[in-house]
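The next block holds one structure in the form of structure tokens; read it before the comments.
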Number of protein chains: 2
Amino acid sequence: MVGLLRSHDINPTHQRIEIAYVLFSRQEHLSADQVMALVNTHHSETSKATVYNTLKLFVEKGLVRELIVDPSKVFYDPNTHPHHHLYEINTGKLSDIGAEYMQVSGLPPLPAGTVIEGIDLIVRVRRAS
Amino acid sequence: MVGLLRSHDINPTHQRIEIAYVLFSRQEHLSADQVMALVNTHHSETSKATVYNTLKLFVEKGLVRELIVDPSKVFYDPNTHPHHHLYEINTGKLSDIGAEYMQVSGLPPLPAGTVIEGIDLIVRVRRAS
DNA sequence: GTATTGATTTGGACTTTGTCTAATGTCTGG
DNA sequence: CCAGACATTAGACAAAGTCCAAATCAATAC
């Protein structure tokens with residue numbers, strides 16, 4: 001874990017290691033709230049501000065991917081390999097779609113002076129009524 | 001405008017007409033906040049609750065499309081034809097990508113009992129540094 | 001060991017977006 | 001003109017996230 005952080009140019013402090021561990025030990029999409037809860041399961045150790053700071057740092061350093069899918073909260077995905085997402089509207093459940101299932105082709109003209117940061121493909125499903 | 005609402009099975013009240021007008025007269029992506037401000041430019045006419053209620057109704061009835069792209073607010077898109085979106089991370093600016101520029105192929109296995117509600121393709125760009 | 005210094009963490013106040021509720025207003029068919 | 005259904009409203013509330021100044025920590029210098 002320490003090595004992973006160092007290799008992404010992140011100073012491995014106690015709190016950062018804890019948060020990275022929570023994200024990478026289970027391969028799930030977690031919200032800041034959930035990270036907060038998981039890090040502090042035993043005794044409260046890490047503040048809300050630190051959790052938010054750290055997640056932002058991880059995103060900047062490319063350690064995790066930020067998912068903007070749920071209208072009310074951001075999710076963080078420890079898997080940074082190319083893949084897509086499936087979101088169940090009713091439940092808020094989020095799961096992966098392997099890159100082999102769906103492909104994106106073509107690129108739009110970009111506004112002058114901008115570069116692509118990422119391409120998000122999200123399949124939204126609803127429970128059939 | 002009244003006809004448009006009726007054709008989507010929406011009772012055309014004064015407030016709904018105003019809100020629809022704001023959305024459809026300019027072809028832009030607006031947040032609830034912006035709709036609120038635009039509807040109430042002259043004298044305050046429409047409450048926050050109504051704006052939110054109405055936008056939700058419009059989405060349910062398929063009159064506008066809900067865009068979850070910005071981490072802090074939902075945008076509403078009066079264009080319901082198939083197209084994609086380009087989001088400038090630095091500025092929060094959102095623009096359309098014509099369906100002809102990018103294509104999505106393939107479909108993932110869906111969880112049992114669910115149907116596709118929509119597929120969102122978002123290109124995120126950042127100002128080159 | 002102790003001091004220094006910059007980086008990190010923290011509690012808590014604050015902001016923003018959106019929801020909820022109970023009361024009120026409006027419209028329509030008979 | 002009345003009943004009932006539907007729509008709107010103000011304002012309280014909730015949840016997610018930001019901000020800031022103070023406290024703490026970690027690493028190095030001496």
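Please read all numbers here as calculations on a predicted model, not as lab measurements. Values below: every heavy atom of this structure, side chains too, minus hydrogens, waters and symmetry copies. Within every chain, numbering begins at 1; the chains are lettered A, B, ... in the order of the sequence lines, protein sequences first and strands thereafter.
For the 3.5 Å distance criterion, the side chains of A/Ser31 and A/Asp33 fail to qualify, holding no donor opposite an acceptor.
B/Asp96 pairs in a side-chain hydrogen bond (donor to acceptor under 3.5 Å, both in side chains) with only one of the listed residues (B/His29, B/His81, B/His84), which is B/His29.
Ion pairing between B/Arg127 and B/Glu88 holds under the 4.0 Å rule for side-chain N and carboxylate O. A salt bridge is defined here as a Lys NZ or Arg NE, NH1 or NH2 lying under 4.0 Å from an Asp or Glu carboxylate O, and A/Asp120 with A/Arg65 meets this definition.
As a whole-Å value, the separation of B/Glu66 CD from C/dT17 P is 16 Å. Here C/dG18 presents its P atom at 15 Å from NZ of A/Lys73, a figure rounded to the nearest Å. Regarding A/Glu45, its CD atom lies at a distance of 13 Å from the P atom of C/dT9, rounded to whole Å. Distance CD (A/Glu18) to P (C/dT8): 17 Å, rounded to an integer number of Å. The CD1 atom of A/Ile10 sits 14 Å away from the C1' atom of C/dT8 (whole-angstrom rounding).
The two residues A/Leu38 and A/Thr41 come nearest to each other via the heavy atoms O-OG1, 2.8 Å. Summarising the geometry of A/Lys61 relative to A/His8, their closest heavy-atom pair is O-CD2, 3.3 Å, with the distance given to 0.1 Å.
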Exercise for the section: Summarise how protein sits on nucleotides 19-30 of chain C as a single string, 5' to 3': B when a protein heavy atom is under 4.0 Å from the base, S for sugar-phosphate-only contact, - for no contact. Expected result: BB----------

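Expressed to the nearest 0.5 Å, how far CG of A/Leu23 lies from CG of A/Leu4 amounts to 10.5 Å. To the nearest 0.5 Å, atoms OG1 (B/Thr50) and CD (B/Gln15) are separated by 6.0 Å.
Of the residues near DNA chain D, B/Pro71 and B/Ser47, the one whose nearest nucleotide (by heavy atom distance) lies more toward the 5' end is B/Ser47.
Note on A/Thr13: a side-chain N or O is less than 4.0 Å away from OP1 or OP2 of C/dT9. Side-chain nitrogen and oxygen atoms of B/Ser72 include none within less than 4.0 Å of the OP1 or OP2 phosphate oxygen of C/dT16.
First and last contacts of DNA chain D with chain B, using any nucleotide atom under 4.0 Å from a protein heavy atom and ordered 5' to 3', fall at D/dA7 to D/dA12.
Residue contacts for B/Thr46: at a heavy-atom cut-off of 4.0 Å it reaches the sugar-phosphate backbone alone, with no base atom in range.
Around CZ of B/Phe24, the count of heavy atoms belonging to other residues, nucleotides or ligands within 6.0 Å exceeds 12.
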